[in-house]
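What follows is a set of notes on a single structure, which appears directly below.
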Amino acid sequence: MREYEISPSLSIGESVLAELEQRAADDGVALRIGVVLEHNGAVLLLARDEWAGARGPLALPGTTVRLGEPLAVAVARAVREETGLTVIDVLRHLGGFDYLSNAGKPVRREHFAVRVAGVGPIHLTNYSTYRWVPLDSDLTVTSSIRQIIATYSEGEQAH
């Protein structure tokens, strides 16, 4: 197992991350994260082998937060492990949702907008392909992820 010494900037603020961590601990849920990476009006979405040629749901980069791992480190690690890209800033929290894992355990997946050092080259590990999908297109994602991306888009329009 590789250790990561990743310390991105935290435009989001450490208190926001600490509050999300505490809320998950208080609620007794495992914490996972998802990440929105946007470039030129498109969001990076990933596809597994079984969906590569079909119109199955695409995914955002993400990971399970390790025990004792700070959220900012988990965000940076998820992006590095799944895409090979380097997070330089965690910009804002986009919301989350709860669900049951395949093992029937309660999980909370929190989502974050980030800035990366560059958008390529992308090196996939857990997925077979990726796509930069325009934010204003019909995204082939779950309804929960569609809401996260809509929240991201609304925030970008406000800036």
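Keep in mind that the numbers below use all heavy atoms, side chains included, and drop hydrogens, waters and symmetry copies.
Arg80 and Thr86 get closest at one heavy-atom pair: NH2-OG1, 2.7 Å. Nearest approach of Gly96 to Ile148, heavy atoms of both residues: N-CD1, 4.1 Å. The minimum heavy-atom distance between Val107 and Ser101, with the atom names listed, is CG2-CB, 3.8 Å. Across all their heavy atoms, Ala78 and Gly62 have their closest contact at CB-C, 3.7 Å. Nearest heavy-atom pair, Leu94 versus Phe112, reported as atom, atom and distance to 0.1 Å: CD1-C, 3.8 Å. Here the closest non-hydrogen pair linking Pro121 and Leu85 is O-CD2, 3.8 Å.
Here Ser15 contributes atom OG and Leu20 contributes atom CG; the two are 9.5 Å apart, rounded to the nearest 0.5 Å. Between the OG1 atom in Thr142 and the CZ atom in Phe97 there is a gap of 5.5 Å [rounded to 0.5 Å]. One distance of note links CG of Leu71 with CD of Glu14; it measures 11.5 Å at 0.5 Å rounding. In this structure, CG in Leu44 is found 10.0 Å from CD in Glu82, a value given to the nearest 0.5 Å. Taken from CZ in Arg146 to OG in Ser153, the straight-line distance is 12.0 Å, to the nearest 0.5 Å.
A heavy-atom distance below 4.5 Å is found between the side chains of Leu91 and Arg115. Here the side chains of Leu60 and Arg109 are in contact, with some heavy-atom distance below 4.5 Å. Under the 4.5 Å side-chain criterion, counting only non-hydrogen atoms from C-beta, Val114 is in contact with Val116. Within the 4.5 Å cutoff, the side chain of Pro61 has heavy atoms near those of the Leu46 side chain. Contact of the Thr63 side chain with the Arg77 side chain is registered, since non-hydrogen atoms from C-beta on lie closer than 4.5 Å. In this structure the side chain of Ile122 never reaches within 4.5 angstrom of the side chain of Tyr127, judged on heavy atoms. Using a 4.5 Å cut-off on side-chain heavy atoms (C-beta onward), Leu37 and Val35 make contact. Side-chain atoms of Pro8 and Asp89, non-hydrogen and from C-beta on, never get closer than 4.5 Å to each other.
Screening Leu124, Leu58, Leu45 for a side chain to side chain contact (heavy atoms under 4.5 Å, CB included) involving Tyr130 leaves a single residue, Leu124. With Leu31 as the partner, the side chain to side chain contact (heavy atoms under 4.5 Å, CB included) test is satisfied by one option alone out of Glu69, Arg108, Arg23: Arg108.
Classification of Arg66 and Glu81 as a salt-bridged pair holds, one side-chain N sitting under 4.0 Å from a carboxylate O.
Glu110 places no side-chain N or O within donor-acceptor distance of the main-chain N or O of Gly34, the cut-off being under 3.5 Å. In this structure, the side chain of Arg48 engages the main chain of Asn126 through a donor-acceptor pair within 3.5 Å. No side-chain donor-acceptor contact under 3.5 Å links Ser9 to the backbone of Ser11.
With hydrophobic clusters built from ILVMFWY side chains whose heavy atoms lie under 4.5 angstrom apart, Tyr99 shares a cluster with Ile149.
For Thr64, the side-chain contact (heavy atoms from CB on, under 4.5 Å) criterion is met by Arg32, not counting sequence neighbours.
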Starting from the C-alpha separation in whole Å, work towards a yes-or-no answer on side-chain contact (heavy atoms from CB on, under 4.5 Å) for Asn40 and Trp132.
-> CA-CA 9 Å; Asn40 290 336; Trp132 288 100; over 6 Å; no
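Aromatic pair His111/Tyr152: centroids not less than 6.0 angstrom apart.
Dense packing is recorded around CG of Leu100, with more than 12 heavy atoms of other residues, nucleotides or ligands lying under 6.0 Å away.
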